[in-house]
**Student:** 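Okay, here's the structure, questions in a sec.
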Amino acid sequence: LKIANRERVQIAKQQAIITNKESGQIEILRATLALTTLEWKKLSAGELKNTKRGKNLIKTKKNLTNQLKKTRETNRRY
């Protein structure tokens with residue numbers, strides 16, 4: 001029960017960051033990555049490798065991580 005409640009709070013926090021007009025690109029990417037990671041953690045290794053949902057989560061997680069890295073690098077240059 002505590003874990004489910006904690007997860008709901010985390011989801012609400014991340015969704016609030018995403019919808020906040022004052023959030024910057026890095027904050028939005030972090031929040032989206034956090035939500036994706038929550039879903040990713042729910043799947044077993046077999047589900048991640050052998051289901052369409054699992055493969056999509058892996059791909060999305062990797063893409064978000066790369067976008068976050070690029071955005072951070074770009075922001076450091078300026």
Side-chain angles (χ1 to χ4, degrees):
L1 186 63
K2 282 185 179 182
I3 294 172
N5 193 33
R6 191 175 335 151
E7 184 177 326
R8 279 194 293 271
V9 170
Q10 284 180 317
I11 290 170
K13 272 185 178 179
Q14 301 309 327
Q15 288 174 336
I17 291 169
I18 291 169
T19 58
N20 185 347
K21 292 178 183 172
E22 294 180 11
S23 293
Q25 184 67 21
I26 290 176
E27 289 85 6
I28 292 170
L29 285 170
R30 280 185 189 152
T32 307
L33 180 59
L35 290 172
T36 302
T37 301
L38 283 173
E39 290 300 309
W40 177 79
K41 285 180 178 181
K42 291 178 184 178
L43 300 181
S44 68
E47 288 173 314
L48 286 169
K49 289 181 182 178
N50 299 318
T51 66
K52 187 175 183 177
R53 181 172 180 238
K55 290 176 184 178
N56 284 339
L57 281 172
I58 290 170
K59 186 177 179 180
T60 301
K61 195 169 181 290
K62 192 178 286 186
N63 286 339
L64 287 168
T65 301
N66 288 336
Q67 284 181 325
L68 188 56
K69 286 179 186 177
K70 286 178 186 176
T71 303
R72 283 181 181 158
E73 287 173 9
T74 301
N75 286 347
R76 282 189 213 143
R77 291 184 191 148
Y78 297 104

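Since the structure is predicted, the reported quantities are computational estimates derived from the model, not experimental observations.
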**Student:** Are the side chain of S23 and the backbone of I17 linked by a donor-acceptor contact shorter than 3.5 Å?
**Tutor:** yes
**Student:** Say you draw a straight line from CG of L35 to OG1 of T37; how long is it, rounded to the nearest 0.5 Å?
**Tutor:** 8.5 Å
**Student:** Output every pair passing salt bridge (charged side-chain N to carboxylate O under 4.0 Å, His left out) with a member in residues 47-62, not counting sequence neighbours, ordered by first then second residue.
**Tutor:** E39-R53
**Student:** Please collect all salt bridge (charged side-chain N to carboxylate O under 4.0 Å, His left out) contacts where either partner lies in residues 7-16, sequence neighbours excluded, each pair once.
**Tutor:** E7-K42
**Student:** Among all residues two or more places apart in sequence or in another chain, which pass the side chain to side chain donor-acceptor pair (under 3.5 Å) test with T19?
**Tutor:** none
**Student:** Could you note down all residue pairs passing salt bridge (charged side-chain N to carboxylate O under 4.0 Å, His left out) where residues 19-32 supplies at least one of them, sequence neighbours left out?
**Tutor:** none
**Student:** Hey, quick one: are I18 and L38 part of the same hydrophobic cluster, counting side-chain heavy atoms closer than 4.5 Å, chains of contacts allowed?
**Tutor:** yes
**Student:** Clusters formed by hydrophobic residues whose side-chain heavy atoms approach within less than 4.5 Å: which one holds L68, and what are its other members?
**Tutor:** I26, L29, L33, L64
**Student:** CZ/R76 to OG1/T71 distance, rounded to the nearest 0.5 angstrom?
**Tutor:** 11.0 Å
**Student:** Supply the atom-to-atom distance W40 CH2 to I58 CD1, rounded to the nearest 0.5 angstrom.
**Tutor:** 8.0 Å
**Student:** Look only at the side chain of N50 and the backbone of G46, and say whether a donor-acceptor pair between them is shorter than 3.5 Å.
**Tutor:** yes
**Student:** Can you tell me how far apart CG (N5) and CD (Q10) are? Round to the nearest 0.5 Å.
**Tutor:** 10.5 Å
